[in-house]
Peer 1: 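Attaching a single structure in structure tokens format; questions to follow.
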Amino acid sequence: MKNRLLACPLAAATALALAGCGLLPGTGGDTRTVDIWLMRDSVSEDFLKRFTTAYEDEHDDVELNVTIQDWTGIGKKVTEAIKGGGGPDVIEVGNTQVAQYADTDRLFDLTLESVRDLGSEDWLPGLAEPGSVGGSQYGIPWYAANRIVIYNKDLFTQAGVTEPPATRAEWLAATEKLNRQGSQGIYLAGQDWYTLAGFIWDEGGELAVDKGGQWTGTLDSPEALRGMEFYKELQSLGSGPKNADEQNPPQAEVFARGDVAQIVAVPSAVSAILKANPALKDKLGYFPIPGKKAGTPCAVFTGGSDLIIPENAPDRGAALDVVKALAGEKWQTDLARSMGYVPNKKGLASVVSGEEATAAMAAGAANGRATPNSPQWADVEADNPIKPFMTAVLEGENAKKAATKASEAITDSLAE
């Protein structure tokens with residue numbers, strides 16, 4: 001790594017101690033500085049050091065100036081930066097945020113590079129699709145994470161469930177066996193709408209659809225209602241609250257008590273489980289959320305990040321080279337293994353095959369999806385009508401009536 005000053009001291013106590021302080025560029029007259037905004041906790045300090053050192057060693061005329069940003073308030077900050085006179089060259093954004101930034105017409109169109117240089121045909125759909133707006137690719141998939149089933153091996157053994165289920169029907173049958181003698185077959189909160197979305201997509205439904213530029217909520221479609229019916233059946237095989245989401249109470253803490261056979265969660269929940277109950281260390285198992293057919297996991301919401309380049313980037317050429325490196329096989333492999341993420345391509349799933357939880361996540365990510373690609377989708381989530389819809393159905397209200405009400409609310413939010 002080239003000599004440089006640090007804007008603030010490194011603190012070992014956090015995963016990303018470069019908070020709010022970038023690696024300052026050197027003073028060489030011929031040096032090109034690439035300003036990069038990354039989000040807090042997306043990468044470790046060690047990964048960032050490895051990448052920066054290797055990249056600068058391979059590019060003598062480039063220095064990387066990395067600034068760590070907080071998620072809180074990032075939308076306004078990015079919007080202001082891309083509309084200004086010359087903001088950062090590369091910005092990490094949530095995959096579902098790309099549409100709102102593309103709506104400003106201030107992002108660089110990366111379609112050509114996606115096809116020619118970045119192997120877009122193999123990208124995970126849950127990262128690639130939200131990065132594509134109006135037929136142009138503005139977001140380059142960086143990493144993904146999605147929900148899997150985390151289970152208690154001891155409870156599976158005691159119930160006579162010898163292997164993870166491969167289909168929805170097998171999952172229900174196994175969960176019924178597990179829901180016995182004081183143990184919950186599954187802890188599934190009533191308002192876990194991301195999990196519901198997967199069931200809806202698996203049935204061929206959508207949360208909302210774009211009809212000629214007008215977004216319409218579609219929770220009342222037959223396909224979406226079938227997804228909700230499956231959710232209701234599964235949720236009944238445990239004692240999860242019908243009127244709260246998975247954070248109230250935190251489902252990892254509920255699972256850590258030892259009397260819950262399964263939860264649907266991202267693998268990062270494991271650290272919270274083991275912090276609450278270290279005795280479960282060797283008793284945890286993982287499998288992709290089962291789909292309707294064996295060999296095809298259920299559709300899942302894919303969270304994660306894309307990389308964007310603003311139109312006003314001071315050095316778009318250098319920025320493109322950095323994005324190609326971060327999105328390429330070498331650093332995708334490093335990032336996946338060091339952070340427990342799913343790589344951005346289906347063909348790279350094998351690089352995490354030795355990690356049971358991450359491998360299960362990668363299997364599900366191949367069938368991943370993202371929320372509707374509307375710039376206004378954040379408005380839907382701000383006062384989420386899907387949650388009370390779910391509670392209403394679980395408490396016995398007419399599903400079609402409740403879905404129609406929620407769909408109308410989604411339509412109204414997306415029209416604003």
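We count residues from 1, following the sequence as given. Note that this is a predicted model, so its numbers are computed, not measured.
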Peer 1: Contact between Leu219 and Ile386 at the side-chain level, heavy atoms closer than 4.5 Å - yes or no?
Peer 2: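 Leu219 reaches Ile386 side chain to side chain.
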Peer 1: Are Val34 and Glu63 side-chain neighbours, meaning at least one heavy-atom pair lies under 4.5 Å?
Peer 2: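 Contact flag for Val34/Glu63 side chains = no.
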Peer 1: Under 3.5 Å, side chain of Ser350 to main-chain N/O of Ser353, donor-acceptor pair present?
Peer 2: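 No, the answer is negative, given that no donor and acceptor are paired below the 3.5 Å cut-off.
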Peer 1: Where the side chain of Asn312 meets the backbone of Ile82, is there a donor-acceptor pair that is under 3.5 Å apart?
Peer 2: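 Yes: the side chain of Asn312 pairs with the backbone of Ile82.
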Peer 1: Please confirm whether the ring centroid of Tyr138 lies under 6.0 Å from the ring centroid of Tyr101.
Peer 2: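 Centroid separation for Tyr138 and Tyr101: 6.0 Å or greater.
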Peer 1: Do Trp193 and Glu381 pair up side chain to side chain, a donor and an acceptor below 3.5 Å, judged on atom types alone?
Peer 2: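 There is no such pair between these side chains.
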Peer 1: Quick one: CG on Asp220 to CZ on Phe389, what's the gap to the nearest 0.5 Å?
Peer 2: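 Asp220 atom CG to Phe389 atom CZ measures 9.0 Å (nearest 0.5 Å).
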Peer 1: When you measure from the side chain of Asn243 to the backbone of Thr391, do you find a donor-acceptor pair of N or O atoms at a distance under 3.5 Å?
Peer 2: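 No, because the side chain of Asn243 does not come within donor-acceptor range (under 3.5 Å) of the backbone of Thr391.
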Peer 1: Does a donor on one side chain and an acceptor on the other come within less than 3.5 Å for Ser413 and Gln376?
Peer 2: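 No, no side-chain donor-acceptor pair sits under 3.5 Å.
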Peer 1: Side chains of Met228 and Leu394, heavy atoms from C-beta outward: is any pair under 4.5 Å?
Peer 2: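 Side-chain contact under 4.5 Å: yes.
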Peer 1: Give a yes or no answer on whether the side chain of Gln97 reaches the backbone of Gly94 with a donor-acceptor pair at less than 3.5 Å.
Peer 2: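 Yes: the side chain of Gln97 pairs with the backbone of Gly94.
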Peer 1: Check this for me: Lys293, atom NZ, are more than 12 non-hydrogen atoms of other residues, nucleotides or ligands nearer than 6.0 Å?
Peer 2: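 12 or below, so no.
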Peer 1: Quick one: does Ser42's side chain have a donor or acceptor within less than 3.5 Å of a partner on Leu38's backbone?
Peer 2: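 It does not hold such a pair.
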Peer 1: Got a second to check how far Asp245's CG is from Gln251's CD, nearest 0.5 Å?
Peer 2: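 If we round to the nearest 0.5 Å, Asp245:CG and Gln251:CD are 9.5 Å apart.
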Peer 1: Which value, rounded to the nearest 0.5 Å, describes the distance between Glu203 atom CD and Glu223 atom CD?
Peer 2: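 Answer rounded to 0.5 Å: 8.0 Å.
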Peer 1: For the atom pair CZ (Arg116) and CG (Leu110), what is the distance rounded to the nearest 0.5 Å?
Peer 2: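 Answer for the CZ-CG pair, Arg116 versus Leu110, is 10.5 Å.
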Peer 1: For the CG atom of Leu234 and the CD1 atom of Ile289, what is their distance to the nearest 0.5 Å?
Peer 2: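 Spacing of CG (Leu234) from CD1 (Ile289) equals 9.5 Å.
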Peer 1: Is Arg168 salt-bridged to Asp202, going by a charged N under 4.0 Å from an acidic O?
Peer 2: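 Salt bridge flag = yes for Asp202 with Arg168.
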Peer 1: Considering residues, nucleotides and ligands other than Glu355, do more than 12 of their heavy atoms fall under 6.0 Å from its CD?
Peer 2: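 Atom CD in Glu355 is not packed in, count stays at 12 or less.
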Peer 1: Would you say the side chain of Leu124 lies within less than 4.5 Å of the side chain of Asn344, judging by non-hydrogen atoms?
Peer 2: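 No, side chains not in contact.
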Peer 1: Got a sec: does the NZ of Lys275 have more than 12 other heavy atoms crowding it under 6.0 Å?
Peer 2: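 12 or below, so no.
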Peer 1: For residues Tyr143 and Glu92, is any side-chain donor paired with an opposing acceptor at under 3.5 Å?
Peer 2: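 Short answer, yes.
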Peer 1: How long is the span from the OG1 atom in Thr216 to the CG atom in Asp412, to the nearest 0.5 Å?
Peer 2: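 Here the rounded value is 10.5 Å.
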Peer 1: Tell me, yes or no, whether the heavy-atom count around Lys232 atom NZ, taken from other residues, nucleotides or ligands under 6.0 Å, exceeds 12.
Peer 2: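 Result for NZ/Lys232: enclosed.
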Peer 1: Determine, for Asp154 against Lys283, whether the closest basic-nitrogen to carboxylate-oxygen distance falls under 4.0 angstrom.
Peer 2: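 Lys283 and Asp154: salt-bridged.
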Peer 1: Go through it in stages, so that I can follow the logic: the residues are Lys324 and Asp117, the test is salt bridge (charged side-chain N to carboxylate O under 4.0 Å, His left out), and I'd like the CA-CA distance, side-chain angles, deciding distance and then a yes or no.
Peer 2: CA-CA 8 Å; Lys324 289 175 185 178; Asp117 305 321; 3.1 Å; yes
Peer 1: Return the minimal non-hydrogen interatomic distance between Thr302 and Ala144, and the atom names on each side.
Peer 2: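 Shortest heavy-atom contact: CG2-CB, 3.6 Å.
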Peer 1: By side chain to side chain donor-acceptor pair (under 3.5 Å), which residues pair with Asp192, not counting sequence neighbours?
Peer 2: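 By the side chain to side chain donor-acceptor pair (under 3.5 Å) rule, Asp192 matches Thr195.
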Peer 1: Taking Phe301 as the fixed residue, which of Asn146, Thr96, Leu196 is the one that meets the side chain to side chain contact (heavy atoms under 4.5 Å, CB included) rule?
Peer 2: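 Exactly one option meets the side chain to side chain contact (heavy atoms under 4.5 Å, CB included) with Phe301, and it is Thr96.
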Peer 1: Do side-chain atoms of Glu311 reach the backbone of Phe108 as a donor and acceptor pair under 3.5 angstrom?
Peer 2: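 A pair under 3.5 Å: no.
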Peer 1: With a sphere of 6.0 Å drawn around NZ of Lys83, does it hold more than 12 non-hydrogen atoms of other residues, nucleotides or ligands?
Peer 2: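 No, NZ of Lys83 has 12 or fewer neighbouring heavy atoms, counting only those of other groups under 6.0 Å.
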Peer 1: Has Glu395 got more than 12 heavy atoms of other residues, nucleotides or ligands less than 6.0 Å from its CD?
Peer 2: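 Counting neighbours around CD of Glu395, more than 12 heavy atoms of other residues, nucleotides or ligands fall under 6.0 Å, so yes.
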Peer 1: Take Ser374 and Asp210, measure what side-chain contact (heavy atoms from CB on, under 4.5 Å) needs, and give me the verdict at the end.
Peer 2: CA-CA 9 Å; Ser374 163; Asp210 183 359; over 6 Å; no
Peer 1: Specify the closest pair of heavy atoms between Ala362 and Val352, including all atoms of both residues, with the distance to one decimal.
Peer 2: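 Answer, listing the atom of Ala362 first, then Val352: CB-CG2, 4.2 Å.
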Peer 1: Please, which pairs that meet side chain to side chain donor-acceptor pair (under 3.5 Å) have at least one residue in residues 124-137, sequence neighbours excluded?
Peer 2: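 Only Asp109-Ser136 qualify under side chain to side chain donor-acceptor pair (under 3.5 Å).
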Peer 1: Flag the pair Leu172 / Leu237 as yes when at least one side-chain heavy-atom distance between them is below 4.5 Å, and no otherwise.
Peer 2: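 Yes, at least one pair of side-chain atoms sits under 4.5 Å.
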Peer 1: Examine distances only and state if a side-chain atom of Asp306 and a backbone atom of Val98 form a donor-acceptor pair shorter than 3.5 Å.
Peer 2: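 A pair under 3.5 Å: no.
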Peer 1: Please confirm whether the backbone N or O of Asn179 pairs with a side-chain atom of Ser183, one donor and one acceptor, at under 3.5 Å?
Peer 2: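 Here the side-chain-to-backbone pair does not exist.
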Peer 1: Is any NZ, NE, NH1 or NH2 atom of the basic residue among Glu206 and Arg369 found under 4.0 Å from an Asp or Glu carboxylate oxygen of the other?
Peer 2: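 The answer is yes: the pair qualifies as a salt bridge.
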Peer 1: Run the ring pair (Phe, Tyr, Trp, His ring centres under 6.0 Å) test on Tyr187 and Phe255 for me, step by step, so that the C-alpha distance in whole Å, both residues' side-chain angles and the decisive distance to 0.1 Å come before the verdict.
Peer 2: CA-CA 8 Å; Tyr187 180 87; Phe255 183 88; 9.5 Å; no
Peer 1: Just checking, any donor-acceptor pair under 3.5 angstrom between side chains of Lys345 and Gln332?
Peer 2: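 Looking only at side-chain atoms, Gln332 and Lys345 do not form any donor-acceptor pair under 3.5 Å.
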Peer 1: Using the benzene-type ring in the case of Trp, are the ring centres of Phe47 and Trp331 under 6.0 Å apart?
Peer 2: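 Under 6.0 Å, so yes.
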Peer 1: Begin from the C-alpha positions of Glu58 and Lys330 and carry the test salt bridge (charged side-chain N to carboxylate O under 4.0 Å, His left out) through to its verdict.
Peer 2: CA-CA 14 Å; Glu58 295 169 3; Lys330 175 183 177 180; 3.7 Å; yes
Peer 1: Before giving the answer on side-chain contact (heavy atoms from CB on, under 4.5 Å), spell out for Ile186 and Val264 the whole-Å C-alpha distance, their side-chain angles and the decisive distance to 0.1 Å.
Peer 2: CA-CA 8 Å; Ile186 189 169; Val264 178; 4.2 Å; yes
Peer 1: Is the closest side-chain donor-acceptor distance between Asp35 and Asn65 under 3.5 Å?
Peer 2: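 Looking only at side-chain atoms, Asn65 and Asp35 do form a donor-acceptor pair, the distance falling under 3.5 Å.
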Peer 1: Could you go through the salt bridge (charged side-chain N to carboxylate O under 4.0 Å, His left out) check for Asp334 and Arg50 one step at a time?
Peer 2: CA-CA 10 Å; Asp334 189 312; Arg50 283 196 304 276; 2.6 Å; yes
Peer 1: State, yes or no, whether a side-chain contact exists between Phe156 and Asn152 at a heavy-atom distance under 4.5 Å.
Peer 2: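 When only atoms from C-beta onward are counted, Asn152 and Phe156 do not touch, as no gap falls below 4.5 Å.
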Peer 1: Please lay out, stage by stage, how Val62 and Tyr55 fare under the test side-chain contact (heavy atoms from CB on, under 4.5 Å).
Peer 2: CA-CA 8 Å; Val62 173; Tyr55 190 87; 3.8 Å; yes
Peer 1: Check whether any side-chain heavy atom of Gln262 sits under 4.5 Å from a side-chain heavy atom of Ile150, and report yes or no.
Peer 2: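 Gln262 does not reach Ile150 side chain to side chain.
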Peer 1: Do Ser236 side-chain atoms and Glu233 backbone N/O form a donor-acceptor pair below 3.5 Å?
Peer 2: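 It does hold such a pair.
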Peer 1: What verdict does the salt bridge (charged side-chain N to carboxylate O under 4.0 Å, His left out) test give for Arg316 and Asp89, after you've listed the backbone C-alpha separation in whole Å, the side-chain angles of each residue and the deciding distance to 0.1 Å?
Peer 2: CA-CA 7 Å; Arg316 287 209 301 254; Asp89 298 282; over 6 Å; no
Peer 1: Given side-chain contact (heavy atoms from CB on, under 4.5 Å), test Val93 with Trp37 step by step and report yes or no.
Peer 2: CA-CA 9 Å; Val93 300; Trp37 285 7; over 6 Å; no
Peer 1: Can you confirm whether Thr333 sits close enough to Pro343 that some side-chain heavy atom of one is under 4.5 Å from a side-chain heavy atom of the other?
Peer 2: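 SC-SC contact between Thr333 and Pro343 ruled out.
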